> 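Shown below is the structure under consideration.
In this text the structure is predicted, and so the values were computed from the model without any measurement.
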Amino acid sequence: MKTGFLLAAASLLFLSACASSYQEVAMSEPGAALTIHRSEGGGLVKDAPMQNFQIVDNDQCENVQKLAGFSFDRDYAATRRIAAGKPISFLAHSAESYTGGDLGFGPIVAFNYCWSLATFTPVDGRSYVMRHIGDPARPDSCTFVVVDETTGEAPADLEIRQQFACPDK
């Protein structure tokens with residue numbers, strides 16, 4: 001059990017280590033508030049998953065910047081000030097543990113992993129809420145939920161790519 005947990009934690013730490021920390025947009029610049037919530041239910045990431053959220057410059061995963069990371073036992077939300085008026089791409093990775101049976105010497109603990117990429121253009125002064133959740137229509141993948149708190153709807157230009165993987169470099 002501990003080995004599986006350590007492997008999942010190591011994979012998220014490795015990905016985080018390759019990223020620089022996100023530098024929030026200055027209050028004097030056009031910006032929007034983004035509150036990222038750790039997923040707490042449904043599908044592949046139902047049981048308090050470890051999650052990592054990053055900003056990338058493009059679908060080639062260039063200039064990776066860590067926005068937020070959540071583990072099994074701490075933090076449930078993080079708010080960041082992001083640039084407005086230009087498309088921003090968000091990469092999320094979730095890892096969920098589950099028990100996959102018993103070999104006679106104890107339960108098998110395994111992990112499901114899923115990645116997604118979302119891109120939208122934040123509007124200056126708006127507030128957004130983001131989650132990375134299991135997709136009920138596709139039990140083998142995750143998706144983003146992004147809501148503009150002003151309208152209560154997803155941004156009009158929101159594009160989501162499920163089962164996304166950064167290209168090998």
Side-chain angles (χ1 to χ4, degrees), residues 8 11-12 15-16 18-71 75-96 111-169:
S11 70
L12 283 177
L15 293 168
S16 298
C18 297
S20 61
S21 293
Y22 177 71
Q23 296 297 313
E24 292 192 14
V25 174
M27 293 302 289
S28 59
E29 299 292 323
L34 175 68
T35 300
I36 303 163
H37 290 275
R38 182 171 105 183
S39 178
E40 296 247 19
L44 192 63
V45 291
K46 64 179 179 271
D47 295 324
M50 292 193 306
Q51 294 186 303
N52 198 13
F53 293 83
Q54 301 165 327
I55 286 182
V56 294
D57 280 355
N58 50 44
D59 66 0
Q60 298 300 302
C61 298
E62 295 174 337
N63 190 27
V64 178
Q65 301 172 58
K66 183 178 178 182
L67 273 176
F70 306 114
S71 70
D75 294 339
Y76 289 86
T79 300
R80 304 286 183 258
R81 184 167 162 74
I82 58 174
K86 63 180 183 178
I88 299 179
S89 293
F90 301 89
L91 178 65
H93 173 240
S94 294
E96 167 199 26
F111 286 84
N112 285 327
Y113 300 91
C114 58
W115 299 80
S116 304
L117 182 74
T119 303
F120 73 96
T121 305
V123 175
D124 187 32
R126 297 262 177 102
S127 293
Y128 298 88
V129 174
M130 176 182 284
R131 288 184 190 274
H132 193 231
I133 63 167
D135 182 356
R138 298 176 67 187
D140 62 338
S141 69
C142 297
T143 190
F144 276 96
V145 173
V146 181
V147 176
D148 179 333
E149 290 189 302
T150 303
T151 66
E153 298 180 2
D157 67 340
L158 177 65
E159 293 180 21
I160 298 171
R161 292 172 60 185
Q162 296 180 350
Q163 298 177 316
F164 177 82
C166 289
D168 292 334
K169 294 184 180 185

> Which residues pass the salt bridge (Lys or Arg N to Asp or Glu O under 4.0 Å) test with D59, sequence neighbours left out?
R161
> Between A83 and P122, which heavy-atom pair has the shortest distance, and what is it?
O-CG, 3.4 Å
> Quick one: list whatever passes ring-ring contact (aromatic ring centres under 6.0 Å, His included) with Y128, sequence neighbours left out.
F120
> To the nearest 0.5 angstrom, please state how far the CG atom of N63 sits from the OG atom of S20.
6.0 Å
> Hey, could you give me the NE2/CD1 distance between H37 and I133, rounded to the nearest 0.5 Å?
13.0 Å
> For C142, does its backbone N or O pair with a side-chain atom of S116 as donor and acceptor, under 3.5 Å?
yes
> Could you report the tightest heavy-atom contact between I55 and Y22, atom names first, then the distance?
CD1-CE1, 3.5 Å
> Taking salt bridge (Lys or Arg N to Asp or Glu O under 4.0 Å) as the cut-off, I'd like each qualifying pair that reaches into residues 20-32, sequence neighbours left out, listed once.
none
> Over 60° means perpendicular and under 30° means parallel, so tell me whether F53 and H132 are parallel, tilted or perpendicular.
perpendicular
> Determine the minimum heavy-atom distance between Q23 and Q65, stating which atoms define it.
N-OE1, 4.1 Å
> What side chain to side chain donor-acceptor pair (under 3.5 Å) pairs are there with at least one residue in residues 80-92, not counting sequence neighbours?
S89-T119
> Taking all non-hydrogen atoms of both residues into account, name the closest pair between W115 and L91 and its distance.
CE3-CD1, 4.0 Å
> If every non-hydrogen atom of L34 is compared with every non-hydrogen atom of F90, which pair is closest and at what distance?
CD2-CE2, 3.5 Å
> Applying side chain to side chain donor-acceptor pair (under 3.5 Å), name anything that partners D124, two or more places apart in sequence or on another chain.
none
> Could you give the side-chain donor-acceptor pairs of residues 145-157 under 3.5 Å, partners two or more places apart or in another chain?
residue	atom	partner	partner atom	Å
D148	OD1	T150	N	2.8
D148	OD1	T150	OG1	3.4
D148	OD2	R126	NH1	2.6
T151	OG1	E153	N	3.1
D157	OD1	T121	N	3.2
D157	OD2	T121	N	3.1
D157	OD2	T121	OG1	2.7

> Mind checking what makes ring-ring contact (aromatic ring centres under 6.0 Å, His included) contact with F164, not counting sequence neighbours?
none
> To check you understand the geometry: which heavy-atom pair defines the closest contact between I36 and A68, and what is its length?
CD1-CB, 4.1 Å
> Just how far is it from atom NE2 of H93 to atom CE of M50, taken to the nearest 0.5 Å?
8.0 Å
